[in-house]
Protein chains: 2
Amino acid sequence: MARPASSSSECLRIHGKLARDLGVQIVSGVIRPGELLETELAASERHQVSRAAYREAVRILAAKGLVVSRPKVGTRVTPREQWHLLDPDVLAWIFQSDPEDQVLEALFELRMVVEPEAAALAAERRTSDQVAIMREALRDMTEHTLGTAEGRAADQRFHTTLLLASANPFLRTLTSSISTAVSWTTALKQRVRPLVRDPVPDHAEVLEAIASRDPDAARRAMRKLVELALFDTRTAPQAPSGRRSKRSKAA
Amino acid sequence: MARPASSSSECLRIHGKLARDLGVQIVSGVIRPGELLETELAASERHQVSRAAYREAVRILAAKGLVVSRPKVGTRVTPREQWHLLDPDVLAWIFQSDPEDQVLEALFELRMVVEPEAAALAAERRTSDQVAIMREALRDMTEHTLGTAEGRAADQRFHTTLLLASANPFLRTLTSSISTAVSWTTALKQRVRPLVRDPVPDHAEVLEAIASRDPDAARRAMRKLVELALFDTRTAPQAPSGRRSKRSKAA
DNA sequence: TTCACTGCTTTAGTCTGACAATTGAAACGG
DNA sequence: CCGTTTCAATTGTCAGACTAAAGCAGTGAA
């Protein structure tokens, strides 16, 4: 329960917190590609941490492709093309800092490419155990709705099992990155405006196609599901004022 | 000039080298998920580096999801499902250490899902400049063949431009990760047995479809290209014996 | 003038040794 | 038997010094 999903600033060591703070500044454009960061000495002083801790934070950012460090020249923010956009942390940082609509569109475009095929593969390869788990998850979803934490957890279980059933580790990593980020915003959207549409029928259709080992039907059903999710996202109200909210749809 | 392309073990600082070494040990199964690494003190002594440098290496691995560190308990290798398999470095480490056929199959499966759609999007969105660049790349490819570094560079240019034309940053990151890794197998294949099939016609077909803004044709052509690449990889002989060499470069 | 060299200087990179914080497990007490 | 406390092992953080890489300016020669 609870699991605040590491939202604000807890349980991370200080190098982790620093990495997150700097990461957010970078992906949100406060520090722009090509710019130099402060020198290690200046930065560590300003953040009131030791140089070692600051360096570990920078190593994390470098591991995710956001910066490169070179002696004498400094640590420079890399061009966007080099960022590891599918890294779960990077994605989280992006979502944490008011992503532009454009970014959300691109993400859904990716989902539209990947998830239907994943569903098709799952239809071919799923075990009966996996179908049982998905059935149970769908039932829980129906019972609790996406308005509750239990319901969202069930949704996540549904998709996780589907990905597992696709039996492709790369597909699995990829889509889990995406759905993690997307689900992150789901709760918020729920808060802004309760779900306008019942997501259960879409999921049920996907499940039945997979249960009956029908790849084409699974692909079609999943495509529809993602399309509708995108539609919901598009029609979600813009954040009222000042602070913008992120929108999105249940994975 | 020269540009050794950071193939073996140069130009990386020692934390980078350490991270690579440990990373390879992990993805290759020498250190298995669930196992504990040595304590920082022991490890840094054994590798003859300072604890600080060792810690920076571990931070890099943690940033890629390969390990987690906790006080009092130590640094533990995470289960495979948590690894960031699409991180370029992780992918490189996997390829550097005798990936099983299964892994290659899964990767091609992913390409088969993603690249045809990317081609379709490119057909819709490409600029005329991009078509020109791809045409030029294809010409260079024809001239030099994939047996040469120039030819492989041209191949890379072709695919990079295609991805750029798809105008989706996530797709771009994703496929560039893949193609980097795949290019390694290309070079190896070249070495073991010169190319059995001329790749130029496949590429030309993709290019023409994109040039004439025909998404469906682009999708079909790209699907064929990936299928044939997979076929070539499958029929490539397994590594002869004993220690396999690492390959590098090209796309 | 131009160009190659040579040092200077700035910056990240590395090392050392100490201390703090966390937390699993053992020791203790009820 | 169970909850609580204490302990100890391990990562986390800190400070300061030194090393190595690399841009840059100054120098000298062609």
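The sequence lines fix the lettering, A, B, ..., with proteins before strands; numbering per chain opens at 1.
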**Student:** Reading nucleotides 8-17 of chain C 5' to 3', which nucleotides get B (base under 4.0 Å from a protein heavy atom), which S (sugar-phosphate only), which -?
**Tutor:** -BBBBBBBB-

**Student:** Output every pair passing salt bridge (charged side-chain N to carboxylate O under 4.0 Å, His left out) with a member in residues 84-93 of chain B, not counting sequence neighbours, ordered by first then second residue.
**Tutor:**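 Non-adjacent pairs meeting salt bridge (charged side-chain N to carboxylate O under 4.0 Å, His left out): Lys64(B)-Asp87(B), Lys64(B)-Asp89(B).
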
**Student:** For residues 68-76 of chain A, run the donor-acceptor check on the side chains, cut-off 3.5 Å, and write out each pair with its distance to 0.1 Å, sequence neighbours left out.
**Tutor:**
residue	atom	partner	partner atom	Å
Ser69(A)	OG	Thr75(A)	OG1	2.8
Arg76(A)	NH1	Gly34(A)	O	2.8

**Student:** Please list, chain by chain and in numerical order, all residues satisfying side chain to side chain contact (heavy atoms under 4.5 Å, CB included) with Ala53(A), sequence neighbours excluded.
**Tutor:**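 Expected list: Ile14(A), Val49(A), Ser50(A).
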
**Student:** Please enumerate all residues that pass salt bridge (Lys or Arg N to Asp or Glu O under 4.0 Å) together with Arg80(B), with sequence neighbours excluded.
**Tutor:**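 Partners of Arg80(B) by the salt bridge (Lys or Arg N to Asp or Glu O under 4.0 Å) criterion come out as none, since no residue qualifies.
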
**Student:** Can you name the residues that form a side chain to side chain contact (heavy atoms under 4.5 Å, CB included) with Ala62(A), not counting sequence neighbours?
**Tutor:**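 If we apply the side chain to side chain contact (heavy atoms under 4.5 Å, CB included) test to Ala62(A), skipping adjacent residues, the hits are Arg59(A), Val67(A).
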
